[in-house]
Asker: 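This is the structure I have questions about; it appears just below.
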Protein chains: 2
Amino acid sequence: MKFAAVDVRQAASAADLVYEALRKAIIEGKIAVGDNLRQEEIAQMFNTSRIPVREALSRLEQHGLITTQRYKGAVVAGLSIEEIDEIFEFRALIEAEVMRLAVPNLDRATLDNARGYCDAFDRETDPHRWGEINRQFHTTLYEASGRPYYLQNVQSSLDRIDRYLRAQLTFTNGVPRAGREHEAILAACEKGDAELASHLTRDHILDAGRSLMTFLRDQRG
Amino acid sequence: MKFAAVDVRQAASAADLVYEALRKAIIEGKIAVGDNLRQEEIAQMFNTSRIPVREALSRLEQHGLITTQRYKGAVVAGLSIEEIDEIFEFRALIEAEVMRLAVPNLDRATLDNARGYCDAFDRETDPHRWGEINRQFHTTLYEASGRPYYLQNVQSSLDRIDRYLRAQLTFTNGVPRAGREHEAILAACEKGDAELASHLTRDHILDAGRSLMTFLRDQRG
DNA sequence: ATATTGTATATTGGATCCAATTTTTCTATA
DNA sequence: TATAGAAAAATTGGATCCAATATACAATAT
């Protein structure tokens, strides 16, 4: 055995690339709700055939990001107020628990990373970046929970409402408030107070949810 | 307009049929963990081509029921003890909450249905049916919560561990105990005691989890 | 002018074909 | 006999082709 181990990561298939690109575009709101996703068009964008595109669309549907109708095609899925409300409630439940489980495992490096994202969030002026940094702040802490299945479900929920969360941050002046709440959560983590960090996380999510609800009710009538 | 409206439900595509059939076979344990799923073989079983099969496999992978490697194919995914443990913990969290939310909405018909499944569970002698009835008993109650997103996540978690749950019921003499716990949960529902029903549900799941853990640790060494 | 029906076009679903890669088998050699 | 390497077979990934269905549009009748 003379050779260093090589990282033989799985090469990505065409379907993987298309899936990831579409997923990103949808959760960032680059493609609007209701927009039609035509297979041939997407295939040409990626210089491939419709087969990998169809696989990607099928996966997106499983994750609730698009809806499809036989022979009619796929459209980006929107969420009703009730659905958004439910997902925020769900997130509050799970993420509070994940936070509680994470606190005892937090080490210096993780806390420093979280601090970095926390500061970056406050400093950021580009609205498009807020959602991204906010998400990284939370997941950095959550990962310490050592609960991959919980994490998967958190990511999946976030994918569904990320677009709306960004709207909340951008249009409802939610950023300063979110920044303060991040500080409080991080302080609880530093103190090792799992119960407090958990409750603050829950409130943080429910606050954002309520703020978004009133914004959407205003907007949609 | 002389004719009654007809329910023109979406006809299922070949991919849908293959997906559902494979999903059922996997969660019921008809296909063993590690078994290879060859596309051509499955295609012939369903009198179709490999294209719909590939779509079905792609969806199954998204749900964690199989793992695939490029150019190597798909195998039924097993769970480590740690993963099973985590999923039981996750279920306890979510299902307890769903139960709490359901109780205020339970009506006579739903309670009667649940009673039916509860009795059927106790009367059933075929081990293969226990898992199925157990699942129906719980979901019948959960549906009253009016939380489709929670429900989806519950179903997804159950899909992952259903095989192991059946093993627990069959091999660890868990049926009489589960039966008694069902009775207690149903009684709490009848009384309208959401808090009690929630706690009993949590304990019911954690009990089954612990029982399964010791069984698996014995078995796997 | 409007509604309705027939037709052309576009789009999706599925089958077949070819390319890329892995797995198996065979063979030569030590 | 065991083993390394090459050839063959099997398997998956992707492209192209055809069939099924939906949409757009024009022609017709009222």
Side-chain angles (χ1 to χ4, degrees), chain A residues 1-3 5-23 25-26 31-77, chain B residues 1-3 5-23 26 31-32 34-77:
Chain A
M1 279 291 245
K2 274 259 160 84
F3 307 100
V6 177
D7 184 4
V8 283
R9 235 181 303 235
Q10 188 92 228
S13 70
D16 293 337
L17 296 173
V18 174
Y19 171 74
E20 270 309 321
L22 289 179
R23 171 182 165 274
I26 293 171
I31 318 179
V33 168
D35 269 13
N36 218 295
L37 299 173
R38 271 185 240 89
Q39 299 175 1
E40 182 61 38
E41 191 182 330
I42 297 167
Q44 281 174 12
M45 280 178 173
F46 289 89
N47 278 316
T48 181
S49 78
R50 283 168 49 223
I51 299 290
V53 174
R54 279 158 61 174
E55 240 189 71
L57 292 176
S58 178
R59 293 186 209 171
L60 288 168
E61 189 183 16
Q62 298 302 303
H63 287 286
L65 294 178
I66 64 173
T67 59
T68 68
Q69 275 190 298
R70 202 162 144 80
Y71 293 114
K72 284 193 177 177
V75 295
V76 176
Chain B
M1 280 291 246
K2 276 261 159 84
F3 307 100
V6 177
D7 184 3
V8 283
R9 236 182 303 235
Q10 189 87 234
S13 70
D16 294 337
L17 297 174
V18 174
Y19 171 75
E20 271 309 322
L22 288 180
R23 171 182 165 276
I26 292 172
I31 319 179
D35 269 11
N36 218 296
L37 299 173
R38 270 186 239 89
Q39 299 174 1
E40 182 61 38
E41 191 182 330
I42 297 167
Q44 282 174 11
M45 280 177 171
F46 289 88
N47 277 319
T48 180
S49 78
R50 283 168 48 224
I51 299 290
V53 174
R54 280 158 60 175
E55 240 188 70
L57 292 176
S58 179
R59 291 186 210 171
L60 289 168
E61 189 185 15
Q62 298 302 303
H63 287 288
L65 294 178
I66 64 173
T67 60
T68 68
Q69 277 190 296
R70 202 163 144 78
Y71 293 115
K72 285 193 177 177
V75 295
V76 176

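A note on names: the letters A, B, ... follow the listed sequences, proteins ahead of strands, and every chain is numbered from 1.
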Asker: Please enumerate all residues that pass salt bridge (charged side-chain N to carboxylate O under 4.0 Å, His left out) together with B:E40, with sequence neighbours excluded.
Answerer: none

Asker: Return the residues of residues 34-46 of chain B meeting this criterion: a heavy atom under 4.0 Å from some atom of DNA chain D. Order them by number, or give none.
Answerer: B:L37, B:R38, B:Q39

Asker: Going by the rule salt bridge (charged side-chain N to carboxylate O under 4.0 Å, His left out), which residues pair with B:R54 if we only count those two or more places apart in sequence or in a different chain?
Answerer: none

Asker: Quick one: list whatever passes side chain to side chain contact (heavy atoms under 4.5 Å, CB included) with B:A77, sequence neighbours left out.
Answerer: B:T67

Asker: Tell me every residue that passes side chain to side chain contact (heavy atoms under 4.5 Å, CB included) with A:A25, counting only those two or more places apart in sequence or in another chain.
Answerer: A:K30, A:I31

Asker: Name all residues meeting the salt bridge (charged side-chain N to carboxylate O under 4.0 Å, His left out) criterion together with B:E41; count only those two or more places apart in sequence or in a different chain, and write none if there are none.
Answerer: B:R38

Asker: Sort me out a list of protein N/O and nucleotides 15-21 of chain C N/O pairs below 3.5 Å, or just none if empty.
Answerer:
{"residue": "C:dA15", "atom": "OP2", "partner": "B:T48", "partner atom": "OG1", "Å": "2.8"}
{"residue": "C:dA15", "atom": "OP2", "partner": "B:S49", "partner atom": "N", "Å": "2.7"}
{"residue": "C:dA15", "atom": "OP2", "partner": "B:S49", "partner atom": "OG", "Å": "2.6"}

Asker: Which residue is it: B:D35, B:N36, B:L57, B:L22? I am looking for the one with a side-chain contact (heavy atoms from CB on, under 4.5 Å) to B:I66.
Answerer: B:L57

Asker: Return the set of residues passing side chain to side chain donor-acceptor pair (under 3.5 Å) with A:S13 (not counting sequence neighbours), or none when no residue passes.
Answerer: A:D16

Asker: Got a sec, which residues hit side chain to side chain donor-acceptor pair (under 3.5 Å) with B:R50, two or more places apart in sequence or on another chain?
Answerer: B:Q39

Asker: To the nearest Å, give me how far apart CD (A:Q69) and C1' (C:dG13) are.
Answerer: 15 Å

